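Working notes, beginning with the structure itself.
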Amino acid sequence: MQHWLVKSEPETYSWADLVKDGRTMWDGVRNYQARNNMQQMQPGDLVLFYHSVSEKAIVGIAKVDKAAYPDPTAKDDKGKWVVVDLVPFRDFKEPVTLEQIKKDERLQDIALLRQSRLSVMPLKAEEFDILLALGN
DNA sequence: GCCAACGTTGGC
DNA sequence: GCCAACGTTGGC
């Protein structure tokens, strides 16, 4: 099983929205690297949910419910972009802030720090475990 | 194929 | 609100 992190501006779509909805189609990704990552996702993979911009913290764990399929919101180039379905899995008891991540020596290689603009990224198993421990 | 111009993301 | 980083577009 692989681990992932996705970003969302909470003003656009928040963790609370996902919990309320019970499931969401993760659409609108228009970046090749992010898309390639989404294509690797398998049902059951766990996905940390990061609130960017206003909050800058990981707030929960989602789970991949359906692997990549064509993004129906991609009008002109259907087949080029994909979505996955995510369901909420568990809340973080404590949000893990970007500041905490930056301070943690063990997390210096995390894609979140190395490539700040990427919105869908893989996490190493050990990074996932560390973040999980920090959030609980 | 290079690179300048421009747009977007996201941290500060 | 600013700006750095990065991706994309288009002229040459």
Side-chain angles (χ1 to χ4, degrees):
Chain A
M1 183 174 74
Q2 297 186 86
H3 302 96
W4 309 95
L5 183 147
V6 297
K7 292 193 207 172
S8 183
E9 294 194 33
E11 290 76 15
T12 305
Y13 193 83
S14 69
W15 171 249
D17 291 329
L18 178 57
V19 170
K20 173 168 59 75
D21 294 346
R23 155 192 282 264
T24 195
M25 185 177 73
W26 204 253
D27 63 5
V29 171
R30 296 292 180 273
N31 170 284
Y32 289 108
Q33 206 180 341
R35 182 206 62 182
N36 293 344
N37 289 332
M38 284 170 73
Q39 285 173 331
Q40 304 294 315
M41 290 184 179
Q42 293 299 322
D45 283 359
L46 295 178
V47 182
L48 297 185
F49 198 103
Y50 176 81
H51 278 168
S52 64
V53 183
S54 56
E55 197 176 345
K56 284 170 285 183
I58 299 169
V59 291
I61 312 169
K63 183 154 70 169
V64 177
D65 196 57
K66 188 175 175 188
Y69 59 100
D71 187 341
T73 70
K75 293 210 170 62
D76 293 338
D77 27 40
K78 279 214 194 313
K80 190 170 170 185
W81 303 111
V82 300
V83 297
V84 295
D85 285 356
L86 297 180
V87 296
F89 179 64
R90 196 139 64 76
D91 284 302
F92 264 26
K93 285 197 188 112
E94 294 291 335
V96 175
T97 65
L98 182 63
E99 194 182 1
Q100 278 177 276
I101 294 168
K102 283 186 163 177
K103 278 198 222 151
D104 197 308
E105 289 175 5
R106 300 166 298 172
L107 296 173
Q108 294 307 300
D109 277 339
I110 196 172
L112 187 69
L113 297 184
R114 301 184 70 88
Q115 224 181 326
S116 66
R117 289 186 52 189
L118 187 60
S119 62
V120 179
M121 64 195 77
L123 290 175
K124 294 176 196 147
E126 56 266 33
E127 291 168 343
F128 180 85
D129 291 342
I130 292 163
L131 291 166
L132 214 63
L134 290 173
N136 282 279

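Note that this is a predicted model, so its numbers are computed, not measured. Just so it is clear: chains get the letters A, B, ... in the order the sequence lines come, proteins before strands, and each one is counted from 1.
Phosphate contact (OP1/OP2 of B:dG10, side-chain N/O of A:Lys7, threshold under 4.0 Å): present. A close approach under 4.0 Å does not occur between any side-chain nitrogen or oxygen of A:Tyr50 and OP1 or OP2 of B:dT9.
A donor-acceptor contact closer than 3.5 angstrom links the side chains of A:Asp91 and A:Trp15.
A cation-pi arrangement, defined by a distance under 6.0 Å to the six-membered ring centre and an angle within 45 degrees of its axis, is absent between A:Lys124 and A:Phe128.
The CD atom of A:Glu55 sits 15 Å away from the P atom of B:dC12 (whole-angstrom rounding). In this entry the distance linking NZ of A:Lys103 with P of B:dG11 reads 16 Å, nearest Å. Rounded to whole Å, atom P of B:dT9 lies 18 Å from atom CG of A:Leu98. In this structure, A:Arg30 places its CZ atom 14 Å from P of B:dT8, rounding to the nearest Å. Counting to the nearest Å, the P atom of B:dG11 and the CG atom of A:Leu113 are 10 Å from each other.
The listed nucleotides are C:dC6, B:dG11, C:dT8; the one nearest the side chain of A:Arg117 is C:dC6. The side chain of A:Gln33 lies closest to C:dG7, out of C:dT8, B:dC12, C:dG7. The side chain of A:Asn31 has C:dG7 as its nearest neighbour among C:dG7, C:dT8, C:dA5.
The local environment of CD in A:Gln108 is crowded, with over 12 non-hydrogen atoms from other residues, nucleotides or ligands closer than 6.0 Å.
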